[in-house]
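One structure is given here, and the rest of the page talks about it.
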Amino acid sequence: MAYRYLFGPVRSRRLGTSLGVDLVPLKTCTLSCVYCECGRTTCLTMERREYVPTDRVIAEVDEYLAEDPDLDYVTFAGSGEPTLHSGIGKIISFIKDRYPRYRIAVLTNGTLFTDPDVRAALMRADLIVPSLDAISEEVFRKINCPCPGLTAGDLLEGLKTFAEEFTGEMWLEVFIVRGLNDTEDEILSLKDAIAAIGPDRVQVNTLDRPGAEVWVRPAPPHDLERIASTLGGDTEVIGTVCTGQVLPPRSGEVIDLLLATIRRRPCTLDDLTVLLGLRPAEVSKCLRVLEAEGRVEQAREERGVFYRAV
Ligand code: SF4
């Protein structure tokens, strides 16, 4: 079966071997973060609905997991905000009932956590990774470009309420945009907010791939270390992709795997090699074919040449 709503498994920096489940069309979100690897949000919305058919997603997950693949996580992420999908709770429950050995992670911006239905839908997940980049409304608007009416105050309240109810793990991600949320004032406000939320881990991240806006630049490593130490001793700076056993492509053509990955975020040749566990020569050959067919294009960035789907 060629999977439409699953991608990977990829070697995630934080989650190990992770099978992605993508519940919204590119690019559907409540925010339009300037650093978003998926580009600018084209459908900026707070409306929860069945963006892709729940039963079809469940059928794909069922077929994939029935073969007992070795995964660290099944991860809801991809082309936008997964909690916008009204069937996410049903899909999580299906996996937990039928395949209880798999851990479930949800990468979310947390903006819908003020909605009790959203919180209830996520209760059976093992790990929630929400983001919080700014406390001041001005910086929140500059970095996260929210849906009209959505405030940093709402986001913080939702995160606090969710953390009180959720019994699984919560890792909070703070994405640093140089010149915007790296000031002493903003970091100290974030520190207070994090203390009020009480996540299990805090992870500081910065730009690693081209963002939605070309002016966004990564924070230098020494700034990330300074920010992590201000936020508190346990705050981690996110490292590079973990190494170790690399999965061979499980099914389908290598080209499909490459396209499914770079459709969701631009990658370098090295990223693809590590993420997908393929040989560089194999990736390079497929990229040349895709470029010749006009399905992939290159863009040179600070970290190297990135490939993106056309
Ligand atoms: S980074 Fe996440 S929250 Fe921000 S626009 Fe992209 S998908 Fe939405």
Side-chain angles (χ1 to χ4, degrees), residues 1-26 28 48-108 118 120-129 166-169 241-265 267 272-279 282-283 286:
M1 183 196 237
Y3 295 110
R4 184 152 179 204
Y5 308 111
L6 306 187
F7 59 100
V10 297
R11 300 287 305 181
S12 159
R13 283 183 295 177
R14 291 174 286 181
L15 303 176
T17 303
S18 163
L19 174 71
V21 183
D22 194 357
L23 295 184
V24 291
L26 193 73
T28 307
R48 296 193 73 219
R49 62 184 174 86
E50 193 177 15
Y51 286 90
V52 298
T54 305
D55 291 348
R56 299 249 287 275
V57 177
I58 287 177
E60 288 195 5
V61 169
D62 193 17
E63 178 173 321
Y64 196 94
L65 296 184
E67 291 195 18
D68 205 24
D70 201 6
L71 300 171
D72 294 306
Y73 279 99
V74 176
T75 304
F76 290 81
S79 305
E81 173 51 39
T83 62
L84 278 169
H85 194 289
S86 52
I88 188 170
K90 185 174 174 187
I91 300 165
I92 290 173
S93 286
F94 171 81
I95 298 169
K96 280 292 165 196
D97 291 340
R98 182 77 67 96
Y99 302 100
R101 91 171 177 96
Y102 289 104
R103 287 176 61 77
I104 294 178
V106 181
L107 310 191
T108 170
V118 172
L122 301 185
M123 283 299 141
R124 295 187 73 191
D126 298 281
L127 171 65
I128 302 291
V129 187
F166 187 57
T167 54
E169 269 194 86
V241 182
C242 57
T243 54
Q245 189 203 357
V246 173
L247 288 182
R250 180 187 166 278
S251 66
E253 298 292 328
V254 171
I255 281 191
D256 288 342
L257 202 54
L258 285 176
L259 269 178
T261 304
I262 58 180
R263 225 180 255 133
R264 289 171 172 95
R265 53 188 49 80
C267 292
L272 289 165
T273 304
V274 178
L275 278 170
L276 302 175
L278 299 170
R279 287 179 295 113
E282 194 174 6
V283 175
C286 291

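Judged purely by atom type and a 3.5 angstrom limit, R124 has no side-chain atom pairing as donor or acceptor with the backbone of G89. For E81 (side chain) and T83 (main-chain N/O), a donor-acceptor pair under 3.5 Å exists by modelled atom type. Here the side chain of D72 pairs no donor or acceptor atom with the backbone of S18 at under 3.5 angstrom. Judged purely by atom type and a 3.5 angstrom limit, Y102 uses its side chain to pair as donor or acceptor with the backbone of P69.
Proximity of T261 to C267: side-chain heavy atoms (C-beta onward) are separated by under 4.5 Å at one or more points. Taking the side chain as every heavy atom from C-beta outward, Y99 and D62 approach each other to under 4.5 Å. Looking only at side-chain heavy atoms (C-beta outward), E50 and H85 come within less than 4.5 Å of each other. The side-chain heavy atoms of I128 and L122, taken from C-beta on, include a pair separated by under 4.5 Å. Side-chain contact between L107 and V129 is present, with heavy atoms from C-beta onward closer than 4.5 Å. Inter-residue side-chain proximity for F7 and S79 is flagged as unmet; no heavy-atom pair is nearer than 4.5 Å.
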Subject >> V61 vs V74, side-chain contact (heavy atoms from CB on, under 4.5 Å): CA-CA, chis, key distance, verdict >> reply: CA-CA 9 Å; V61 169; V74 176; 5.5 Å; no

Original post:
Given the rule in the side-chain contact (heavy atoms from CB on, under 4.5 Å) test, do L6 and V21 qualify, once you have shown the distances and angles that lead to the verdict?
Top reply: CA-CA 5 Å; L6 306 187; V21 183; 3.9 Å; yes

Original post:
Does the side-chain contact (heavy atoms from CB on, under 4.5 Å) test come out yes or no for R101 and L65, once each step is laid out?
Top reply: CA-CA 10 Å; R101 91 171 177 96; L65 296 184; over 6 Å; no

Original post:
Step by step, would you call L272 with L258 a side-chain contact (heavy atoms from CB on, under 4.5 Å)?
Top reply: CA-CA 7 Å; L272 289 165; L258 285 176; 3.9 Å; yes

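In terms of the salt bridge (Lys or Arg N to Asp or Glu O under 4.0 Å) criterion, residue partners of E169 (sequence neighbours excluded) are, by chain and number, R103.
Between the OG1 atom in T167 and the CE atom in M123 there is a gap of 7.5 Å [rounded to 0.5 Å]. Atom OG1 of T54 sits about 6.0 Å away from atom NZ of K90, to the nearest 0.5 Å. The distance from atom CD1 of I92 to atom CZ of F76, rounded to the nearest 0.5 Å, is 5.0 Å. Between the CG atom in D22 and the OG1 atom in T75 there is a gap of 12.0 Å [rounded to 0.5 Å]. Annotation: the span from T108 atom OG1 to I88 atom CD1 amounts to 7.5 Å, rounded to 0.5 Å. Residue I104 holds its CD1 atom at 4.0 Å from CD1 of I95, rounded to the nearest 0.5 Å.
K96 and D126 are joined by a salt bridge, as a carboxylate oxygen and a charged side-chain nitrogen come within less than 4.0 angstrom of each other.
For Y73 against L15, the heavy-atom pair with the smallest separation is CD1-O, 3.4 Å. Of all heavy-atom pairs between G80 and P82, the closest is O-CD, 3.3 Å. When all heavy atoms are compared, the tightest approach of L71 to P9 is CD2-CB, 3.9 Å.
Cation-pi geometry between R49 and Y51 is satisfied (NZ or CZ under 6.0 Å from the ring centre, within 45° of the ring normal).
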